[in-house]
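What follows is a short report on a single structure.
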Amino acid sequence: MSAIDYAEKIPNNVDLVGDRTLQRALEHWQPQFLQWWHEMGPSDFEGADVYLRTATSVDAQGWAHYGKVRMPDYRWGIFLADPVAERKIGFGDAMGQPAWQQVPGEYRSTLRRLIVTQGDTEPASVEQQRLLGHTCPSLYDLRNLFQINVEEGRHLWAMVYLLHAYFGRDGREEAEELLARHSGDADKPRILTTFNEPISDWLSLYCFTYFTDRDGKYQLKSLAESAFDPLARTCRFMLTEEAHHMFVGETGLSRVVKRSLEAMKELGSDDPARIRAAGAVDLPLLQKYLNFWCSSSLDLFGSEISSNSAANFANGLKARPDEGRYEDHALREKTLSLVTPQGASDVPMLNALNEVMRESYLKDCEIGLKRWNRSIERAGSQLRLSLPSARFRRSIGAWAGQPVDPQGNLMQRELYEKSLASWIPSEADKAFVHSLMHRVIEPGRMAGWIAPPERGINNLPLEHEYVKLH
Ligand code: BYC
């Protein structure tokens, strides 16, 4: 087990004291990070004591240590999962060779780009969620938001460590740029579109943590297979933290559905106008939010047919999630049948890996939908929630810009443009959702549009004061 040294200025389990140059470079970046957190992190909650989980070691016993912390005092640090002795490359053309402890020159720019793209999403999400604390539905939810925010901050540290430790001057410059781009900024936006979308209400937060953090899970799992061992170990530990973010999304949406069903029962009606008047979210409105965030997140997997994904796999940089589950790790013979607007064709499997990943992601997304639909059915309603087709509202890949309905059918563009407001949140829908967002901060109380969670955090009661505001 690797204990984390908290006496250090930068807590770490990578023996930072053994590399003075690297330590100095990271200590130079640290105040810039804290300044960024101050300016772009959760607004107005710097004095609050938050019941947070901090990792004190990377094994099962130590990674979830709970206590009240002011967010600016959170010990952001550098934690890699323990090394696997004599780890070998598990896929691609160099399969079976020893994993790399340094970056091979020929893959330097590609690896740097993957790490920068991953790193960019982490602070982006904190920026997107910056104002949500003001409208929290409960202290329990407020604490969960802040837990996610500090961990995304730590995930940024994880990528910045790799850039500083393995990419020299370019890496240090990239680390500065990660704090200079900002979500939604007209001149210097974040790299990927989803991370420039505003998250200005909690329904969007739950959708984002359900869909977009789940993309994070898939991307991190595929990078956790990388032949570049420090990247693999970094991502393995990040995944343990990621699970909580998706938990917040899944349980958050379950609670919205539950409250909606209660309102339907109380009113004896599923009329959206009456449900809204009762201060709950009607299921068709929730469906629009699911359509928006699912389709946006699907773009994060890249194009269906991608020479980048083929090269990344063949060269050992990025595999499929859980690569060990598959039999063929070279993929030189296989093909995948793909349907694009141009028709069906067989594509070399290596070039279709973004699509393979997107398909398994969608299966994972279905799990929550099935659960919500079971509870809707049990409540006696005919309504059902569903995922939009992977062709709907795409901006990247073969279906980009195509007029396709949420069921995946191509249609006339004019009709598509007209119908869009009935498939994704309209301005009026967003205004309604915003009208529900009022801050509730009495311990144990919940806003009227969301049911309470089934249990509190770390076996504490729901009434616990998870955030002490001053
Ligand atoms: N937006 O071959 P293609 C997370 C570009 S979320 C803009 O189709 P490729 C988190 C692409 O760069 C996980 N541009 O795709 C969640 C390329 O440009 P060049 C984030 C895009 O390269 C919640 C061109 O289009 N991690 O952690 O196979 C909270 C053709 O590319 C997009 C990662 O994404 C797009 N959506 O894959 C906090 C992992 N898609 O080379 C955190 C790292 C494609 O022609 N990133 N392009 O100039 C990657 O693996 C890849 O860069 C991508 C694209 C998945 C983004």
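In listed order, ligands and their atoms are each counted from 1. Atom set for the values below is all heavy atoms of this structure, side chains included, hydrogens, waters and symmetry mates excluded.
- Ring centroid separation for the pair Trp36 and Trp29 does not come in under the 6.0 Å cut-off.
- The atoms of ligand 1 that sit less than 4.0 Å from any heavy atom of Gly216 are 4 (C), 6 (S), 13 (C), 27 (O).
- Ligand 1 has an N or O atom lying under 3.5 Å from an N or O atom of Gln118, backbone or side chain.
- Counting only N and O atoms by type, the side chains of Thr194 and Ser297 include no donor and acceptor under 3.5 Å apart.
- Ionic pairing of Arg169 and Glu173 is present here: one or more N-O contacts between side-chain nitrogen and carboxylate oxygen are shorter than 4.0 angstrom.
- Counting atoms of ligand 1 from 1 in the listed order, those under 4.0 Å from a heavy atom of Ser125 are 29 (C), 38 (C).
- Proximity to Phe208 (heavy-atom distance under 4.0 Å) selects the following atoms of ligand 1: 23 (C), 29 (C).
- In summary, the aromatic rings of Trp76 and Trp37 are positioned with their centroids under 6.0 Å apart.
- Between Trp293 and Tyr210, the distance separating the two ring centers is not shorter than 6.0 angstrom.
- Looking at ligand 1, you won't find any N or O of Ser307 less than 3.5 Å from one of its N or O atoms.
- Note on Lys430 versus Glu427: salt bridge recorded, some NZ/NE/NH1/NH2 to OD/OE distance being below 4.0 Å.
- Distance from atom 36 (N) of ligand 1 to its nearest protein heavy atom, with residue and atom name: Asp299 O, 3.0 Å.
- With sequence neighbours left out, Thr121 forms a side-chain contact (heavy atoms from CB on, under 4.5 Å) with Gln118, Leu192, Phe195.
- The number of heavy-atom neighbours closer than 6.0 Å to CZ of Arg439, taken from other residues, nucleotides and ligands shown, is above 12.
- For Glu152, every heavy-atom contact with ligand 1 shorter than 4.0 Å involves the side chain, none the backbone.
- The heavy atom nearest to atom 16 (C) of ligand 1, considering only Thr193, Thr212, Val126, is found in Thr212.
- Among Ser297, Ala124, Ser296, Gly302, the residue whose heavy atom sits closest to atom 54 (C) of ligand 1 is Gly302.
- For atom 13 (C) of ligand 1, the nearest non-hydrogen atom of the protein is Asp215 OD2, 3.2 Å.
- Shown in contact with Thr121 at under 4.0 Å from a heavy atom are these atoms of ligand 1, numbered in order with element: 4 (C), 10 (C), 20 (C), 27 (O), 38 (C), 42 (C).
- Distance check for atom 24 (C) of ligand 1: every protein heavy atom is found at 4.0 Å or beyond.
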Determine whether Phe392 and Asp405 satisfy the following criterion, side chain to side chain contact (heavy atoms under 4.5 Å, CB included), listing intermediate values before the conclusion. CA-CA 6 Å; Phe392 173 65; Asp405 69 14; 5.7 Å; no

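- Counting protein heavy atoms under 4.0 angstrom from atom 18 (O) of ligand 1 gives one or more.
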Begin from the C-alpha positions of Arg214 and Glu242 and carry the test side chain to side chain contact (heavy atoms under 4.5 Å, CB included) through to its verdict. CA-CA 8 Å; Arg214 195 174 308 273; Glu242 200 65 44; over 6 Å; no

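- Considering backbone and side-chain N/O of Asn308, one or more are found under 3.5 Å from N/O of ligand 1.
- Backbone and side-chain nitrogen or oxygen atoms of Ser303 are examined, and one is located within less than 3.5 angstrom of a nitrogen or oxygen of ligand 1.
- For Leu114, heavy-atom contacts with ligand 1 shorter than 4.0 Å involve the backbone as well as the side chain.
- Under the rule for a side-chain contact (heavy atoms from CB on, under 4.5 Å), the partners of Arg108 that lie at least two apart in sequence or sit in another chain are Val103, Phe167, Asp170.
- Of the protein's non-hydrogen atoms, the one nearest atom 7 (C) of ligand 1 is Leu192 CD2, 3.8 Å.
- Note: Phe228 and Tyr166 meet the aromatic proximity criterion, with ring centroids under 6.0 Å apart.
- For ligand 1, one of its N or O atoms has an N or O atom of Lys318 under 3.5 Å away.
- In this structure, atom 5 (C) of ligand 1 has no protein heavy-atom contact shorter than 4.0 Å.
- Checking Tyr206 against Asp141 by side-chain atom types alone, a donor-acceptor pair falls below 3.5 Å.
- For the pair Glu323 and Lys221, the salt-bridge criterion is not met [side-chain N within less than 4.0 Å of a carboxylate O].
- Here the protein heavy atom with the shortest distance to atom 55 (C) of ligand 1 is Leu300 O, 3.1 Å.
- Checking only distances, Asn354 does come within under 3.5 Å of ligand 1, N or O to N or O.
- Ranking protein heavy atoms by distance to atom 2 (O) of ligand 1, first place goes to Ser306 OG, 2.6 Å.
- Closest protein heavy atom to atom 47 (N) of ligand 1: Ile396 CD1, 4.2 Å.
- Between Arg113 and ligand 1, an N or O atom pair is found at a separation short of 3.5 Å.
- When ring centroids are compared, His155 and Phe237 stay outside the 6.0 Å threshold.
- Shortest contact from atom 46 (N) of ligand 1 to any protein heavy atom: Thr117 CG2, 3.5 Å.
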